[in-house]
Student: 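Sharing a structure below in structure tokens format, with a few things to ask.
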Amino acid sequence: MNDCIFCKIINREIPSKSVYENDKVYAFYDINPEAPVHVLIVPKQHIASHNELTTKNVDIMKDIHLAVNEIAKQLGIADSGYRIINNCGADAGQTVFHMHYHLVGGTSMGTKIL
Ligand code: 5GP
Ligand code: ZN
């Protein structure tokens, strides 16, 4: 049995506001947005964190990054700019252990990373 909340979102067992989908990737609005645009991009395959990427599954990164570009264009932030953020593990504040990329934009975030 899979108790992963993002697997349940991908399987539509938990509702979400869809932004983009293809056979490998699903993207939806973050439930607690920290920017005017805050989208989560997840592989449909369960990968717990960035630490779990291997030569066997790393091809998914191509799909994730291409999805970022599609979504940024779709939501009108491709030209104004955006950040993509992956939190890996405790120090980064990862709370959901199904790897995901935050796509945030729609406001000026300045020059500092943190
Ligand atoms: P993390 O801290 O693991 O990088 O980020 C997890 C993100 O998932 C958080 O920004 C949180 O708001 C979001 N999140 C957690 N549960 C849900 C949910 O059920 N639905 C949606 N749409 N986002 C969620
Ligand atoms: Zn999962």
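Predicted, not measured: the structure shown is a model, and the values here were computed from it. When a ligand or atom number is given, it counts from 1 through the structure's own listing order.
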Student: Just by distance, do the side chain of Glu13 and the backbone of Lys8 share a donor-acceptor pair under 3.5 Å?
Tutor: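 No; judged by distance alone, with no hydrogens or angles, the pair does not exist.
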Student: Can a non-hydrogen atom of Ile85 be found less than 4.0 Å from any atom of ligand 1?
Tutor: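 Ile85: no contact with ligand 1 (<4.0 Å).
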Student: Would you say Ser16 touches ligand 1, if touching means a heavy atom closer than 4.0 Å?
Tutor: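 It does not; every heavy atom stays at 4.0 Å or beyond.
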Student: Starting from atom 20 (N) of ligand 1, locate the nearest protein heavy atom and write down its residue, its atom name and how far away it is, to 0.1 Å.
Tutor: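 Ranking protein heavy atoms by distance from atom 20 (N) of ligand 1, first comes Ile9 CD1, 3.6 Å.
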Student: Please confirm whether the backbone N or O of Thr95 pairs with a side-chain atom of Asn87, one donor and one acceptor, at under 3.5 Å?
Tutor: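 Checked: no pair found.
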Student: Under a 3.5 Å threshold, yes or no: a donor from one side chain and an acceptor from the other, between Tyr29 and Ser18?
Tutor: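 Tyr29 vs Ser18: no donor-acceptor pair found between side chains.
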Student: If I take the Zn ion (ligand 2) as the centre, what angle separates the SG atom of Cys7 from the ND1 atom of His98? Nearest 10 degrees is fine.
Tutor: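 With the Zn ion (ligand 2) as the vertex, SG (Cys7) and ND1 (His98) sit 110° apart.
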Student: For atom 3 (O) of ligand 1, grab the closest protein heavy atom and report residue, atom and distance to one decimal in Å.
Tutor: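 Its nearest protein heavy-atom neighbour is Thr95 N, 2.7 Å.
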Student: Quick one: pull up CD1 in Ile77 and OG1 in Thr107 and give me the separation to the nearest 0.5 Å.
Tutor: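 One gets 11.0 Å once the value is rounded to the nearest 0.5 Å.
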Student: Suppose I only count heavy atoms of Asn87 and a 4.0 Å limit; which atoms of ligand 1 are within that range?
Tutor: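 Counting from 1, the qualifying ligand atoms are 1 (P), 2 (O), 4 (O).
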Student: Would you check if the side chain of Glu70 reaches a backbone N or O of Ala72 as a donor-acceptor pair within less than 3.5 Å?
Tutor: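 Checking the backbone N and O of Ala72 against the side chain of Glu70, no donor-acceptor pair under 3.5 Å is found.
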Student: To check you understand the geometry: which heavy-atom pair defines the closest contact between His38 and Pro33, and what is its length?
Tutor: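 For His38 versus Pro33, the nearest heavy atoms are ND1-CA, 3.5 Å.
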Student: At the 4.0 Å heavy-atom cut-off, does His102 count as touching ligand 1?
Tutor: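 Yes, that is the case, since the closest heavy atom of the residue is under 4.0 Å from the ligand.
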Student: What I want to find out is whether Glu21 reaches Arg12 closely enough, with some N-O distance under 4.0 Å, to be called a salt bridge.
Tutor: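 Looking at Glu21 and Arg12, the cut-off is met.
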Student: To which protein heavy atom is atom 15 (C) of ligand 1 closest, and what is the distance rounded to 0.1 Å?
Tutor: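 Of every protein heavy atom, Val96 CG2, 4.2 Å lies nearest to atom 15 (C) of ligand 1.
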Student: Just say parallel, tilted or perpendicular for the rings of His46 and His98, cut-offs at 30° and 60°.
Tutor: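 It falls in the perpendicular class, over 60°.
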Student: For N/O/S atoms only: which one belongs to His46 and is nearest the Zn ion (ligand 2)?
Tutor: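 It is ND1, the N, O or S atom of His46 closest to the Zn ion (ligand 2).
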Student: Can you name the atoms of ligand 1, numbered from 1 with element, that are less than 4.0 Å from a heavy atom of Phe28?
Tutor: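 Going through ligand 1 atom by atom, the ones under 4.0 Å from Phe28 are 21 (C), 22 (N).
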Student: Using every non-hydrogen atom in the two residues, find where Pro43 and Ile47 come nearest and quote the distance to one decimal.
Tutor: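 Taking Pro43 first and Ile47 second, the nearest heavy atoms are CG-CD1, 4.4 Å.
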Student: Show me which atoms of ligand 1 lie under 4.0 Å from any heavy atom of Leu40.
Tutor: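 Atoms satisfying the 4.0 Å criterion: 8 (O), 13 (C), 23 (N).
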Student: What protein heavy atom is closest to atom 11 (C) of ligand 1, reported as residue, atom name and distance in Å?
Tutor: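 Looking only at protein heavy atoms, the one closest to atom 11 (C) of ligand 1 is Asp30 OD1, 3.4 Å.
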Student: Got more than 12 heavy atoms from elsewhere within 6.0 Å of NZ, Lys44?
Tutor: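 Counting neighbours around NZ of Lys44, more than 12 heavy atoms of other residues, nucleotides or ligands fall under 6.0 Å, so yes.
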Student: With a 6.0 Å cut-off (strictly less than), is the heavy-atom count around CG of Asp91, excluding the residue itself, greater than 12?
Tutor: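 At most 12 heavy atoms, drawn from other residues, nucleotides or ligands, come within 6.0 Å of this atom.
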Student: Of the protein's non-hydrogen atoms, which lies at the shortest distance from atom 1 (P) of ligand 1, and what is that distance?
Tutor: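 The answer is His100 NE2, 3.1 Å.
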Student: Show the atoms of ligand 1 that are less than 4.0 angstrom away from any heavy atom in Asn32.
Tutor: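 With Asn32 as reference, the close atoms of ligand 1 come out as 12 (O).
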Student: Could you check whether any side-chain N or O of Asn57 sits under 3.5 Å from a backbone N or O of Glu52, counting only pairs where one atom can act as donor and the other as acceptor?
Tutor: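 Checked: pair present.
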Student: Students should be able to answer this: which protein heavy-atom is nearest to atom 2 (O) of ligand 1, and at what distance?
Tutor: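 For this ligand atom, the closest protein heavy atom is Gly93 O, 3.0 Å.
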Student: Mind checking whether Phe6 contacts ligand 1 via backbone (N, CA, C, O), side chain (CB onward), both or neither, at a 4.0 Å heavy-atom cut-off?
Tutor: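 The side chain, only.
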Student: Can you tell which part of Ile31 has a heavy atom less than 4.0 Å from ligand 1: side chain, backbone, both or neither?
Tutor: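 Ile31 to ligand 1: contacts from backbone and side chain alike.
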Student: Heavy-atom distances under 4.0 Å are what count here, so tell me which part of Tyr29 touches ligand 1: side chain, backbone, both or neither.
Tutor: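 For Tyr29, the contact with ligand 1 is made by the backbone alone.
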Student: Can you tell me which residue and heavy atom of the protein come closest to atom 16 (N) of ligand 1, and the distance to 0.1 Å?
Tutor: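 Result: Ile5 CD1, 3.9 Å.
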